[in-house]
Amino acid sequence: MYKTGIKILVSAFLTAAVLLLAAGMLPLKRTETFIFHSEAAPEFRLQEIRHLTENDVFNAGDTDDLRELPGIGETISSMVIAERNANGPFYYPEDILSVKGIGVKTLEKMRPFLTESED
């Protein structure tokens, strides 16, 4: 009887641990939190979030307009139009990254050519 009670107790503790892990209340490993101060690291300051306008080349341009952008060729311009037709207009500049073939570096080259909102 004593061994049965221990088995039930161990089983209850293991079940509680699994439930806490599943709920995210019991971390598997230690995590560290970093705090950035704007005086110490000015590159980490928050920037205003802007969105693309309806008249932006990505939302209104055809393949010829898109190919004028740096890093955009015939294939990627047709993929941009296909993405736009399938999912609607691009709202944020980062939404352009959903197009296969456009990465962060290409997006940064194109930023000066994007028409963003002022609000």
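None of the values given here were measured: they were computed from a predicted structure.
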*Asks:* If every non-hydrogen atom of K100 is compared with every non-hydrogen atom of M79, which pair is closest and at what distance?
*Replies:* O-CE, 3.3 Å

*Asks:* If you compare all heavy atoms of I76 against all heavy atoms of G71, which two are closest, and at what distance to 0.1 Å?
*Replies:*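 For I76 versus G71, the nearest heavy atoms are CD1-O, 4.0 Å.
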
*Asks:* Just how far is it from atom CZ of F58 to atom CD1 of I102, taken to the nearest 0.5 Å?
*Replies:*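 With rounding to 0.5 Å, CZ (F58) is 4.5 Å from CD1 (I102).
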
*Asks:* For the residue pair T106 and L69, establish whether any side-chain heavy-atom pair is separated by less than 4.5 Å.
*Replies:*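 No, every pair of side-chain atoms sits at 4.5 Å or beyond.
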
*Asks:* Looking only at atom types and distance, does a side-chain atom of D95 sit under 3.5 Å from a main-chain N or O of Y92, one as donor and one as acceptor?
*Replies:* yes

*Asks:* Closest heavy-atom contact between S98 and E83?
*Replies:*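 Of all heavy-atom pairs spanning S98 and E83, the closest is OG-OE2, 3.4 Å.
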
*Asks:* Does any part of the side chain of R84, heavy atoms only, come nearer than 4.5 Å to the side chain of V99, both counted from C-beta?
*Replies:* no

*Asks:* If you compare all heavy atoms of L66 against all heavy atoms of V80, which two are closest, and at what distance to 0.1 Å?
*Replies:* CD1-CG1, 3.8 Å

*Asks:* Take atom CD in E108; do more than 12 heavy atoms of anything else shown fall under 6.0 Å from it?
*Replies:*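 Atom CD in E108 is crowded, with more than 12 foreign heavy atoms closer than 6.0 Å.
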
*Asks:* Could you pull out the closest heavy-atom pair between P70 and K109, with the gap in Å?
*Replies:*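 Here P70 and K109 meet closest at CG-O, 3.6 Å.
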
*Asks:* With no hydrogens and no angle check, is any side-chain donor or acceptor of N59 less than 3.5 Å from a backbone partner on F90?
*Replies:*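 Answer holds: yes.
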
*Asks:* State the OG-CD1 distance between S78 and I72, to the nearest 0.5 angstrom.
*Replies:*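 Here the interatomic distance stands at 10.5 Å.
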
